[in-house]
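Only one structure is covered here, and it is reproduced in the block below.
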Amino acid sequence: MNKEIQRGLNDRLYEKRKAAALELEKTIRQCVEDGDDAKIRTIVDQLCHDFAYAVHQPNARNGGLIGLAASAIALGPHVAEYLEDIIPPVLACFGDQDARVRYYACESMYNIAKVAKGEILLYFNEIFDALCRLAADSELTVKNGADLLDRLIKDIVAEKAATYVSVIHAAPEPTPEPVEENDPSKPVLAHEPVQDPSNEPAFSLARFIPLLTDRIYVINPFTRMFLVSWITLLDSIPDLELVSYLPEIIGGLLNFLSDTNVDVRVATQGALDGFLAEIKRISELKRAVSEVKAQNAARATPEVTATKAEVENKASVSAEGAETESLAEEFVNEAGVPINRGRGEAPDNAHQAIDDIDEDDAATSNFNMAAAISEGVYLPGQDVKVDFAKVIDILLSHLDSTEQEIQLTVLKWIESFFEISPDDLLPFVPRFLSLLLPTMAHDNGQLRKAAEKVNTDLMQLIMSLPDSVEEGKRGPDDQTTESQPPTPSLLPRQGFVAARSISPTNSRSLSPSAIGRRSLSSDRVRGRDDESIMSKLASTTPPVAVASSANDESGPEETGPSSSASKMELLLDYPATVNALTLHFLNEREETRVAALDWLIMLHKNASRKILAINDGTFPALLKTLSDSSDSVVTKDLQLLAQISYNSDDDYFASFMLNLLSLFSTDRKLLETRGNLIIRQLCVSLNPERIYRTLAEILEKEDDVEFASIMIQNLNNNLITAPELQGLRKRLRNLDTKDGTNFFVSLFRSWCHNAVATFSLCLLAQAYEQAFHLLQIFADLEITITLLIQVDKLIQLLESPVFSYLRLQLLEPEKYPFLYRCLYGLLMLLPQSSAFATLRNRLNSVSAIGYLHIVPPTAVLSSTATSSGTSTSANSAKQVYNRFKGRIDEARWNDLLDKFRTVQMRHERLRRQSQAGSGASSGSDVANSIHPGAQSASAKQVAAPTPTTQQAHHHRSALSFMSGSKSIGGSGIGSSPLANNANGGSSGVGSREGRIFRNRAR
């Protein structure tokens, strides 16, 4: 450059620098015309080193930038050869501390890119990196200049990124002529061009993605907006297929949704929606390709067979057949225009047939796509590969985000993956459930509904997997779980759609119209008669038959829905899923715990052999969950436990009952608050008789007799009052059968731990004579407050609808003589309380009829009365007595009574030991302070009767009176000490006690 141009470029005034740049432009144009390449390179080198790189001279840098831009404009089409010298100094000026230098760098790069156009794509990464920093520049002028440059670069990328090849690459060497070979079996390719690696496009998405991945985690909202705009642009270019790099950028885009700037969130959501729509389109396209290939494979065998038959028969092809073949060789592009493969123009009637395939636009589009695929036409996206597993992994990592918008977007994407690629979701099910179930209890209603929808879809996906339960197994809440035959579809689809088609609950077959449309499209391409095909489909061939025939033609190599579902089943880790669900038993939200139990119930129904064994860690967790504070959680837990035990063997069921009783034994609060609920729910889901038999066998051998008594009392209360056990109560009243008697005996042996429960069991079974014998044993036992409270409750239950049959039997004293004795025996045991008054009023209401019960059945049988009424009563009593006698012999009542007496004496002995231990510990100091002489004197005295001893004498006397074993005379009540007290004797008992006894005797 001459001196004047150099001084002009170094001037501080912009106008002088601009004028010098114009002179420099003229100089370079002249050099281009003269072909003086050396001088041009010298000038460019001088502009770079003497001006653009002059770091401490802002005016010189500005002059160098405008000079480089002028040089690029002057070079015009030849600028590509000098870009490697021009671009680096301009890029260096983007980072200058002076805002004016940065602005002029944007201006210079704008002019250079405007001239270079596609060649600038070779430096796209460097320019993009600089623009990414300038997008967050603090100076508004610099941001405006960077925005102008950004628009220009976007226009160039949108126009040339997919196809532009740089002209500075060396031209490929001429292709040598192919050597002719004499081998006729090998094809000869004439003048086939050899692909040159130098012909790669100037823009490389593979080189750009690492830079984008580094920049996508920025925080500045302006930079985020810049990145989103570029991602949207690159995704809109079909040939680039940015969606294949989605795993590298989706994580950063999801973070953008938490930005405080509304514009950033809106733009990011739009970009994500665009990616989601694109992968849906690609998935549908690949599914269509697989379906068309399956159709072609199904048609191959019949066509080959038909061809062989024609050759053997030497039949000539008719004109109609030729026309059909010509038509089948055509395909239709996306615009609906028929394209000929090269055998000649198709007849007009063939074009007319293709144009009239279907009036529906969607059906026409589907046919066009299917026809194009069958002819080998490339459709954008059909060879794109997206790593869905990585995408799902990244989505799940953001599901527990604190931003609700991120969570909603993740759930929206995952919901779409049930149709796009469900098999890729299965390996992530354990982790997915760990994050999804807490989201179902979120306070935000929209987020909660989205999580519930995804949870439902995921359940349907798991339920569509092959059922590993044995055929014929049934669940406690199902009518049947036998696997139904899968309903085949005309065109099997892969993934979730194929899996759904084999599910018993979701099996659907195509409608006749749908099958007709799809078959009609195929037949018209082949030139078949559409009317005859439609008539066959509508009248003679059902949908399932058409599907079955299609499946038969496909041959053994075709992979149907069942094989696809089997492969999907292998991807699901059942143990890890169960462990993830079990951890949610400790979640603080009730909805999460209920959802976890729902999942376990579903998994056990679907694959009972793979999960929830008695010896794994899940079973104790399920038992512990019975202590949950929520009734819904306990109900679901019981449903799962019942489902596990329903089809299990006796050992498993007994182990479950034993563990349940152990839980009740260690957690008495659970027994008090939830014991009745647990027993009733289990009886709803399982066989009540099996439950009661198993529990009775375990409790009979229980060492903790106190717990056994409490547990028997709870079981007995449920047996009497629970509506769920109505059938069991009816079974107990039927002791005429052997099964009913054995069931009663099994309960009786365990019920012996609780005296009142045993008595009520006899009342339920209408074994009134046995009940009366039990009352006689009561007289030998210590009557405690606990026993009297239980008798009081029994009196209240006798007034309930459950014992309505018993109250009606009071009207037949000759048929049920021991019933009166049982009730009067209870009356004798009770003190004069409200329960005493209730029972006495009930007995007084039938007292006139009840006189007959005083005469024992044996006396009735031995009497020689001649009156007809007496004879009838004797016969009825004899029949009832004989029936009871038969039961007594069969059930071995004497052994049962001995069992009852032994168990009750054991209870009484342990109770006295506990009382003695507590009394000795509390009164040891008082006993030590007594004088030894006083101790010996008190030892010589006769022990005075205690109130308990007096009460026992009273009960024995009253029950003896009821049994008729003692007369009312000298050896009866009158001669007893209590009788003397009632008559005003000198025993020290007051007049109040005598009055009470007279009332009871009356």
Side-chain angles (χ1 to χ4, degrees), residues 476 642 645-646 648-654 656-658 660-661 676 678-702 708-709 711-774 794 797 802-803 805-806 809 816 818-819 822 880 883-900 902-903:
S645 304
Y646 184 80
S648 61
D649 53 10
D650 293 337
D651 294 338
Y652 185 98
F653 187 81
F656 169 44
M657 293 292 109
L658 180 60
L660 181 62
L661 290 178
N676 292 335
I678 292 173
I679 296 301
R680 290 187 179 187
Q681 288 294 330
L682 289 177
C683 289
V684 170
S685 303
L686 300 173
N687 186 358
E689 182 177 346
R690 187 184 185 191
I691 294 175
Y692 268 74
R693 278 183 182 272
T694 308
L695 291 177
E697 292 174 0
I698 298 173
L699 290 173
E700 183 182 355
K701 304 174 184 178
E702 177 64 38
S709 177
M711 193 66 207
I712 291 298
Q713 182 181 356
N714 281 272
L715 292 174
N716 186 70
N717 291 338
N718 282 316
L719 182 61
I720 296 176
T721 61
E724 299 85 357
L725 299 177
Q726 182 179 2
L728 202 60
R729 289 192 292 270
K730 291 182 179 180
R731 182 172 177 80
L732 279 173
R733 290 202 296 266
N734 186 18
L735 294 185
D736 294 335
T737 62
K738 184 177 181 180
D739 292 338
T741 304
N742 292 335
F743 180 50
F744 172 80
V745 171
S746 63
L747 293 185
F748 188 96
R749 297 180 64 86
S750 178
W751 258 234
C752 291
H753 283 287
N754 191 287
V756 179
T758 310
F759 181 79
S760 62
L761 178 65
C762 293
L763 294 183
L764 276 176
Q766 304 183 55
Y768 301 130
E769 184 178 358
Q770 181 73 7
F772 179 70
H773 292 324
L774 290 177
L794 178 59
L797 290 174
V802 177
F803 286 101
Y805 69 94
L806 184 144
Q809 289 173 356
Y816 305 99
F818 283 97
L819 175 58
C822 293
V880 174
R883 185 159 54 91
F884 278 124
K885 188 175 184 301
R887 297 185 199 171
I888 292 171
D889 293 340
E890 185 176 355
R892 302 181 303 276
W893 291 128
N894 293 330
D895 295 340
L896 296 179
L897 289 176
D898 293 339
K899 172 73 174 179
F900 177 78
T902 303
V903 174

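Computed from a prediction, not measured in an experiment: that's the story for all the values here.
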Practice problem: Establish, from distance only, whether the side-chain atoms of Gln766 and Gln809 form a donor-acceptor pair under 3.5 Å. | Solution: yes
Exercise. Mind checking salt bridge (charged side-chain N to carboxylate O under 4.0 Å, His left out) for Glu702 and listing every partner two or more places apart, or none if nothing turns up?
Key: none
Self-check item: Heavy-atom pair of closest approach, residues Cys752 and Val903
Solution: O-CG1, 3.4 Å
Quiz prompt | Contacts of type side chain to side chain donor-acceptor pair (under 3.5 Å), residue Ser760, not counting sequence neighbours | solution = Asn716
Quiz prompt | With sequence neighbours excluded, residues passing side chain to side chain contact (heavy atoms under 4.5 Å, CB included) with Asn714 | solution = Leu671, Asn676, Ile710
Exercise. Locate the shortest heavy-atom distance separating Val802 from Ile720; write the atom from each residue and the value.
Key: CG2-O, 3.1 Å
Quiz item: For the residue pair Pro723 and Arg680, what are the closest heavy atoms and their distance?
Solution: CD-NH1, 4.3 Å
Quiz prompt | By side chain to side chain donor-acceptor pair (under 3.5 Å) - contacts of Asp898 (at least two apart) | solution = Arg901
Exercise. Grab the two heavy atoms, one from Met711 and one from Ile679, that are nearest each other, plus how far apart they are.
Key: CE-CD1, 4.3 Å
Practice problem: Just jot down the side chain to side chain donor-acceptor pair (under 3.5 Å) partners of Arg693, sequence neighbours excluded, or say none. | Solution: Glu689
Self-check item: Which residues share a side chain to side chain donor-acceptor pair (under 3.5 Å) with Thr902, sequence neighbours left out
Solution: none
Quiz prompt | Backbone N/O of Glu697 and side chain of Ser750: donor-acceptor pair under 3.5 Å | solution = no
